[in-house]
Amino acid sequence: MTPKQRAAQAALQFVQSGMVVGLGTGSTADFFITALADAIKSGQLRDIKGIPTSRQSERRALSVGIPLTNLAQNPSCDLTVDGADEVAPNLNLIKGLGGALLREKIVAQNSKKLVIIADQSKVVKRLGEKSPLPVEVAQFGYETQEHFLRSLGADPKLRIGPGGMVFVTDNGNCIYDCHFLSGIAGPADLESALKRRAGIVESGLFLGLASIALIGSDSTVSEIRR
Ligand code: A5P
């Protein structure tokens, strides 16, 4: 079992029969979706409904037979299990390298508990230390955001998709991946500045949302709690 699989498997301890479960996006979240499907098939868990955070996790969940619902039918998840790109000691996160940050944040904010699953490579002292911060922006006038993001101390790179075209999210927006030379000194101030700017839809800063992170290694899973 890989560290990511180990963390994903450990997240099953938080799932109970009858729950509505937010399904994250990325390779670690995919391992959780598979583990959840196996638990449903074996009868260990019953009456589970999933809410996917991307088209990718929707396809994945459908392919392994997890019944799905949505926020219209179930406005709140009992639990969401998702990966992360960086996990700080206070459980603040960077997410969105998979491009699903907007739906991930909507589902996370409407969940009673957010459990993060990751391997040790995601644990950092300061956000922005390793990963760029993905910032989702409206297509209209997206070029104007580059200068604004620079004014906040970032080095923004417009995300390009696998085919060489500008990457477009499930929500029809673009992403700037924002590098910070010495990491992000004030995540809350940065988030406030981003929120005030028209055309910036959402950022991958997940502050104060996660309740626990399960960090998989070669042999064990450790926990970070707030
Ligand atoms: C998806 O948009 C991201 O927030 C993912 O949670 C993140 O990229 C983690 O991906 P891996 O689990 O593949 O490392």
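Just follow the structure's listing: the first ligand is 1, and inside any ligand the first atom is 1.
- Grouping the Ile, Leu, Val, Met, Phe, Trp and Tyr side chains by contacts below 4.5 angstrom, directly or via other members, places L149 with I94.
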If you apply the rule side-chain contact (heavy atoms from CB on, under 4.5 Å), what do you find for L152 with L190, and how did you get there? CA-CA 7 Å; L152 300 179; L190 177 61; 3.9 Å; yes
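- Listed by atom number, the atoms of ligand 1 under 4.0 Å from K4 heavy atoms are 11 (P), 13 (O), 14 (O).
- Under the 6.0 Å distance and 45° angle rule, K95 counts as a cation-pi partner of F206.
- Against a heavy-atom cut-off of under 4.0 Å, D85 is close to the following atoms of ligand 1: 3 (C), 4 (O), 7 (C), 8 (O), 9 (C).
- Interface atoms of ligand 1 facing G96, defined by a heavy-atom separation under 4.0 Å, are 2 (O), 3 (C), 4 (O).
- Side chains of T25 and R60 form no contact here, defined as non-hydrogen atoms less than 4.5 Å apart.
- Counting heavy atoms closer than 4.0 Å to ligand 1, residue A84 contributes backbone atoms (N, CA, C, O) but none from C-beta onward.
- Annotation: atom 13 (O) of ligand 1 to nearest protein heavy atom, S27 OG, 2.6 Å.
- Ranking the protein heavy atoms by distance from atom 14 (O) of ligand 1 puts K122 NZ, 2.5 Å first.
- Side-chain polar atoms of N171 and E136 form a donor-acceptor pair below 3.5 angstrom.
- The distance from ligand 1 to the heavy atoms of D82 drops below 4.0 Å at these ligand atoms: 6 (O).
- Of the protein's non-hydrogen atoms, T28 OG1, 2.6 Å is the one closest to atom 12 (O) of ligand 1.
- Remark: minimum distance from atom 5 (C) of ligand 1 to any protein heavy atom is reached at T25 O, 3.2 Å.
- Here is the list of ligand 1 atoms found below 4.0 Å of a heavy atom in G99: 2 (O).
- In the model, T80 has no side-chain atom that pairs as donor or acceptor with a side-chain atom of K113 under 3.5 Å.
- Of the protein's non-hydrogen atoms, the one nearest atom 6 (O) of ligand 1 is K95 NZ, 2.9 Å.
- Residue G98 has at least one nitrogen or oxygen atom sitting less than 3.5 Å from a nitrogen or oxygen atom of ligand 1, judged on distance alone.
- Using a 4.5 Å heavy-atom threshold, the side chains of Q145 and V135 count as separate.
- Near A100, with a cut-off below 4.0 Å to any heavy atom, the atoms of ligand 1 are 2 (O).
- Atoms of ligand 1 lying under 4.0 Å from any heavy atom of E104, numbered from 1 in the order shown and given with element: 1 (C), 2 (O), 3 (C), 4 (O), 6 (O).
- Atom CD of Q9 is separated from atom OG1 of T2 by 10.5 Å, given to the nearest 0.5 angstrom.
- Salt-bridge check for K122 with E129: failed, with every basic side-chain N at 4.0 Å or more from each acidic carboxylate O.
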